[in-house]
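Note that the structure is predicted; figures quoted are calculated from it, not measured. Atoms within each ligand, like the ligands themselves, are counted from 1 in listed order. Keep in mind that the numbers below use all heavy atoms, side chains included, and drop hydrogens, waters and symmetry copies.
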Amino acid sequence: MTYHSSLRSKLRRNSGAHTSLRFDDLDSNSRDLARQLSFTRREFLRGAAGVTLGSTLLGSRLLARAGVPQKKRKVVVITFGGGARDQETFAPEGQENIPHLMQELIPQCTFFTQVVNRGILGHYVATASLATGVYETINNFASLPPEHPTAFEYFRKDLKRPPSDAWVVAPSNGFNRIGESNHHSYGPGLGARVILPKHLLTAATSGGGADYGHLLRDNYETPFYTPELGGSEFELHQLEMLLKLSVDDFKKHARTLSSPDELSVYIARQLMRQLAPSLLWITMHDIDIAHAGAYSLYVAGIRRTDRLCADLWKTIQTEPEYAGNTTVFILPDFGRDSDQDSGGNGFQHHRTGDPLSRTTWMMAMGPGVRQGVVFDRALESTDLVPTIGSILGFSATLAQGKPIVELV
Ligand SMILES: [Zn+2]
């Protein structure tokens, strides 16, 4: 039995969409493959972006975030959403799709080549797991909150921050519950506000957004799940009162945009300018159009995400509330299936749960973060929340992961 088929049969023994691959289930072949993938990724980066191999022992004490007091620190998380493979990104043949990452961002970041996601590979549940630091097992296709406290709840409760200080910009209407858990010690009233740009646009066009169909596409994964695309008075209130955008200006600007992620970045910029939240989470999703099976659309999604990540980084450097005090994390929720796995259909889906689609990466940039350094030790997707906690000063007591020593 190959490692692929053995992994697949383990996954099948669990229950479909609720499958969660635990640490102990990963056999040594899978771990070897994850390690090999991470080494290869490291070599691609060393060759092309000129990064050097970091040492955890040397200089792991950061420059105390370059003197930024804890109260002023901000964190922006960008999920490189929808899942991309190395052959369309970091491998030599893929690097032309990510020129901004390769030439602008990677030389300024600490790059981790082996971030393993051992949870369910569905976008909502995987993003919820990134946000709680626990592999969540909620149904990916239901409107349910995460079961464990989110980073937003730890942040707001521990540091007594107001609702306006934590925001999520979410790509799909299916993400409307991501801002707060139903955990009894946290939950309602303590989470992030969630803004759904498609809801805003639907509300602004009174549901008659025929000209905006390309911005309103939702959930590429299954035709059987169509999350409600609503828009209400509340959304218009968000638009005008919080974002200081008139309905007409918003509609006019939206006409110049080409995709849902561009719409999300536009809204995220407005949020940064008007409310300057200290914890901002932006989830991209354009790449997931791969489920439609068109390779060219998938690659176009990667190129757009690459550009939008660089645009956001530039915005952070020029917004006075953010410049010089913001740590940025860019990471995918997970990858996509390899061409070799007969259980999948290559780039199109993320169904096999193979090590390739589980072994992702993360970039970190900002004050005190070492630049142009790559680490290849194995991290977990669940390490993100405790790491954010160490930076902002909250304690993610229920998270499964650990703070990343190279960053805290
Ligand atoms: Zn997908």
Side-chain angles (χ1 to χ4, degrees), residues 8 11 16-21 78-89 94 97 115-131 135-144 146 168-178 196 198 214 216-227 229 259-261 264 281-306 308-309 330-339 341 343-361 381:
R8 273 203 305 280
L11 286 162
H18 288 276
T19 296
S20 175
L21 194 66
I78 306 168
T79 66
F80 199 85
R85 313 182 300 181
D86 275 16
Q87 67 231 65
E88 288 89 24
T89 53
N97 299 323
V115 182
V116 180
N117 180 335
R118 301 181 199 281
I120 300 170
L121 304 190
H123 299 290
Y124 172 56
V125 63
T127 307
S129 303
L130 285 179
Y135 292 120
E136 296 287 329
T137 55
I138 47 176
N139 182 350
N140 188 54
F141 298 112
S143 181
L144 293 169
V168 177
V169 181
S172 160
N173 296 311
F175 279 56
N176 63 332
R177 305 294 299 274
I178 191 112
L196 301 167
K198 290 172 196 173
H214 61 296
L216 295 173
R217 289 197 61 169
D218 211 88
N219 186 355
Y220 301 108
E221 197 153 1
T222 162
F224 306 113
Y225 175 61
T226 47
L229 191 67
S259 82
D261 283 351
S264 289
W281 187 290
I282 304 159
T283 290
M284 307 282 200
H285 205 54
D286 282 355
I287 297 170
D288 207 38
I289 200 162
H291 287 296
Y295 188 76
S296 61
L297 293 179
Y298 160 61
V299 170
I302 293 171
R303 289 171 170 250
R304 194 179 310 115
T305 308
D306 170 68
L308 292 173
C309 286
I330 303 176
L331 76 169
D333 39 5
F334 46 79
R336 304 193 85 80
D337 294 337
S338 75
D339 291 333
D341 196 325
N345 193 22
F347 76 93
Q348 192 174 0
H349 300 302
H350 36 83
R351 289 179 177 165
T352 64
D354 71 350
L356 287 169
S357 54
R358 294 185 175 281
T359 310
T360 67
W361 48 270
S381 294

Atom of His123 nearest the Zn ion (ligand 1) (restricted to N/O/S, atom name only): NE2
For NE2 in His291 and NE2 in His350, the angle at the Zn ion (ligand 1) (nearest 10°) is 90°
Could you tell me which non-hydrogen atom of His291 sits nearest to which non-hydrogen atom of His349, and how far apart they are? ND1-ND1, 2.8 Å
Using a distance-only test with no angle check, is there a side-chain donor-acceptor pair under 3.5 angstrom linking Asp337 and Thr352? yes
Asp288: which N/O/S atom is nearest the Zn ion (ligand 1)? OD1
Salt bridge flag under 4.0 Å for residues Asp286 and Arg303: no
Between the side chains of Asp261 and Ser264, is a donor N or O closer than 3.5 angstrom to an acceptor N or O? no
